[in-house]
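Reviewing the structure listed below.
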Amino acid sequence: MSDGYPTAAQKEALRLICDHGRLHTQELGRQLVSARRSSSNPGFAPAIARMAATLAWRLEAQGFIAETGDEWTTTADGRRLIACSSEAE
């Protein structure tokens, strides 16, 4: 996070949440792993999946997503940031 501006990884997570409507942190991690080329490094996928919680926490702190029950949804500010047309359910 740099001066309140989302990083590329945060925008990617935000896009995934917006595209799916709602995502659990674990599912966000799986989606982040799926969005990348595979690696021969056995720690690659687990590291990317662990990153999901940090990305979600930062996006929530910036007001771009909100926790609804145990799922993440995008806020109007988050959807506007990435020009996502889906509406929160």
Side-chain angles (χ1 to χ4, degrees):
M1 185 164 58
S2 174
D3 295 326
Y5 296 103
T7 64
Q10 288 172 306
K11 285 183 179 179
E12 179 182 12
L14 183 59
R15 169 67 57 199
L16 287 167
I17 294 167
C18 193
D19 288 349
H20 287 84
R22 298 175 182 266
L23 281 180
H24 295 273
T25 302
Q26 285 183 324
E27 181 59 25
L28 176 59
R30 285 190 287 275
Q31 292 294 325
L32 288 167
V33 170
S34 294
R36 287 168 173 70
R37 286 183 279 150
S38 60
S39 171
S40 60
N41 181 335
F44 176 78
I48 296 297
R50 281 191 309 272
M51 183 178 68
T54 301
L55 291 172
W57 175 83
R58 289 179 176 171
L59 288 167
E60 183 182 33
Q62 291 173 305
F64 296 127
I65 64 172
E67 193 169 14
T68 305
D70 60 349
E71 297 175 312
W72 297 108
T73 60
T74 54
T75 64
D77 287 341
R79 290 187 299 278
R80 198 170 19 261
L81 176 73
I82 58 168
C84 181
S85 60
S86 75
E87 294 292 321
E89 297 176 3

So, Thr7 and Gln10: side-chain donor and acceptor under 3.5 Å apart, yes or no?
->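 Yes, Gln10 and Thr7 have a side-chain donor paired with an acceptor closer than 3.5 Å.
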
Identify the heavy atoms of [X] and [Y] that sit nearest to each other, and give their distance.
{"X": "Trp72", "Y": "His24", "result": "CD1-C, 4.4 Å"}
{"X": "Ala45", "Y": "Val33", "result": "O-CG2, 3.4 Å"}
{"X": "Glu12", "Y": "Ala35", "result": "OE2-CB, 3.4 Å"}
{"X": "Leu14", "Y": "Phe64", "result": "CD1-O, 3.6 Å"}
{"X": "Pro6", "Y": "Gln62", "result": "N-NE2, 3.9 Å"}

Are the charged groups of Arg30 and Glu27 less than 4.0 angstrom apart, N to O?
->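 Yes, Arg30 and Glu27 are salt-bridged.
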
Rounded at 0.5 Å granularity, tell me how far [atom1] in [X] sits from [atom2] in [Y].
{"X": "Lys11", "Y": "Leu16", "atom1": "NZ", "atom2": "CG", "result": "14.5 Å"}
{"X": "Met51", "Y": "Leu28", "atom1": "CE", "atom2": "CG", "result": "8.5 Å"}
{"X": "Leu55", "Y": "Arg50", "atom1": "CG", "atom2": "CZ", "result": "13.0 Å"}
{"X": "Ile65", "Y": "Arg22", "atom1": "CD1", "atom2": "CZ", "result": "12.5 Å"}
{"X": "Glu71", "Y": "Thr25", "atom1": "CD", "atom2": "OG1", "result": "10.0 Å"}

Inspect the surroundings of CD in Glu67 and state if more than 12 heavy atoms from other residues, nucleotides or ligands are less than 6.0 Å away.
->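 Correct, the count exceeds 12.
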
For Gly63, does its backbone N or O pair with a side-chain atom of Thr75 as donor and acceptor, under 3.5 Å?
->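 Confirmed, Thr75 side chain pairs with Gly63 backbone.
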
Stepwise side-chain contact (heavy atoms from CB on, under 4.5 Å) check, Ile82 with Thr74 = CA-CA 10 Å; Ile82 58 168; Thr74 54; 5.6 Å; no

